[in-house]
Amino acid sequence: MSFHRYVAVGDSFTEGVGDADPSRPNGVRGWADRVAEVLGARTEDFGYANLAIRGRKLGPIVAEQVDLAIELAPDLVSIYAGANDILRPKVDIDDLMGLYDTALGKLASTGARLVLFTAFDPAGFPIFGSLRGRFAIYNELVRELAEQHGATLVDFWRLRDYRDDRLWDIDRMHMSSAGHQRMAMAVLDALGVPHDLEPLPLVEHPPLSRAERRSANVEWVREYAGPWVKRRVTGTSSGDALDPKHPDYARL
């Protein structure tokens, strides 16, 4: 199957945070870029837009990105939204998914192929593990919406590879380059698009003593977890000063 106009919508997951590349807009590559590179190699008149911005909750994604995506008249749209809402202290998941349902209906009505994602399984993650039940409810509702709108679903929750911490960035919140490559493969496979992507080599982590592990956890809290919590409390976002990587069609 060939696609000619691909638009990616969402937050840091789709922007590509964790897959650093200083040569690219916003300094990241990501699974969506990797997918676009494969699709572009198959189609001469291919265009790719990425509207995703890190830290965006579902409401702003719908308000800022969905109509713009529709204006671009794509034949393929991927969207992942709601994870940043679920991580807030309080969230009405039914209201959240009602908004998502409306947005997906607008996207699906264009006739574009629609790709959705469940959230990952946070079991074993120090900050997110306590929210596993909330993630599970969100995911079941996403599966239902995918069925209702005829969307292709990439079930992140069931990709057990991601229990390997080498698929996660040093911040333990975003996928690493290897994680983004694995996700690109999952998306292409779900779409039925042939590709020659292979898993990236995983770097072995040296074993740590108890004291070293404790020191690493303290450093992680100071560098990543603390600032993340502060942004949630103050209502700010790491993406507040950023623009979309590719607001109009580009070819990678």
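What's counted below: heavy atoms across the whole structure, side chains too, no hydrogens, waters or symmetry copies. Because the structure is a prediction, the values reported are computed rather than measured.
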Taking all non-hydrogen atoms of both residues, which atom of [X] and which atom of [Y] are closest, and how far apart?
| X | Y | answer |
| --- | --- | --- |
| T14 | A8 | CG2-CB, 3.5 Å |
| N50 | A32 | ND2-CB, 3.8 Å |
| Q65 | G10 | OE1-N, 2.8 Å |
| A36 | F46 | O-CE2, 3.4 Å |
| A186 | V154 | CB-CG1, 4.1 Å |
| R182 | D161 | NE-OD2, 2.8 Å |

Pair [X]-[Y], side-chain donor/acceptor within less than 3.5 Å:
| X | Y | answer |
| --- | --- | --- |
| S78 | Y6 | yes |
| S177 | D19 | yes |
| D101 | H149 | yes |

Please state whether the rings of F13 and Y80 are parallel, tilted or perpendicular, taking 30° and 60° as the class boundaries.
perpendicular
Anything under 30° is parallel, anything over 60° is perpendicular, the rest tilted; go ahead and classify Y162 against F156.
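Ring orientation, 0 to 90° scale: perpendicular.
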Between [Y] and [X], is the closest basic N to carboxylate O distance under 4.0 Å?
| X | Y | result |
| --- | --- | --- |
| E37 | R34 | no |
| R54 | D11 | no |
| D21 | R24 | yes |
| R158 | D121 | no |

From I86, D94, I93, residue fulfilling side-chain contact (heavy atoms from CB on, under 4.5 Å) relative to I137:
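Per the side-chain contact (heavy atoms from CB on, under 4.5 Å) rule, the option paired with I137 is I93, out of I86, D94, I93.
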Side chain to side chain, [X] and [Y], heavy atoms closer than 4.5 Å:
| X | Y | result |
| --- | --- | --- |
| Y138 | M97 | yes |
| R143 | W157 | yes |
| F117 | M183 | yes |
| R113 | D75 | no |
| V91 | R134 | yes |
| R5 | D45 | no |
| L153 | V142 | yes |

If hydrophobic clusters are built from ILVMFWY residues whose side chains come within less than 4.5 Å, do [X] and [Y] share one?
| X | Y | answer |
| --- | --- | --- |
| Y100 | F135 | yes |
| M175 | L116 | yes |
| L104 | V77 | yes |
| V35 | V17 | no |

Could you pull out every donor-acceptor pair under 3.5 Å between side chains of residues 192-201 and any protein atom, sequence neighbours left out?
from: H195; atom 1: ND1; to: L197; atom 2: N; distance (Å): 3.1
from: H195; atom 1: NE2; to: D189; atom 2: OD1; distance (Å): 2.8

Donor-acceptor pair, side chain of [X] and main chain of [Y], under 3.5 angstrom:
| X | Y | value |
| --- | --- | --- |
| T102 | G98 | yes |
| R56 | A52 | no |
| H180 | W31 | yes |

Enumerate donor-acceptor pairs with a distance under 3.5 Å from any side-chain N or O in residues 244-252 to protein atoms, sequence neighbours excluded.
from: K245; atom 1: NZ; to: E15; atom 2: O; distance (Å): 2.9
from: K245; atom 1: NZ; to: V28; atom 2: O; distance (Å): 3.4
from: K245; atom 1: NZ; to: R29; atom 2: O; distance (Å): 2.7
from: K245; atom 1: NZ; to: D33; atom 2: OD1; distance (Å): 3.0
from: K245; atom 1: NZ; to: D33; atom 2: OD2; distance (Å): 3.2
from: Y249; atom 1: OH; to: L72; atom 2: O; distance (Å): 2.8
from: R251; atom 1: NH1; to: T43; atom 2: O; distance (Å): 3.1
from: R251; atom 1: NH1; to: E44; atom 2: O; distance (Å): 2.7
from: R251; atom 1: NH2; to: G40; atom 2: O; distance (Å): 2.6
from: R251; atom 1: NH2; to: T43; atom 2: O; distance (Å): 3.1

Please list, chain by chain and in numerical order, all residues satisfying side-chain contact (heavy atoms from CB on, under 4.5 Å) with A69, sequence neighbours excluded.
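A69: side-chain contact (heavy atoms from CB on, under 4.5 Å) contacts with V7, V9, L51, L107.
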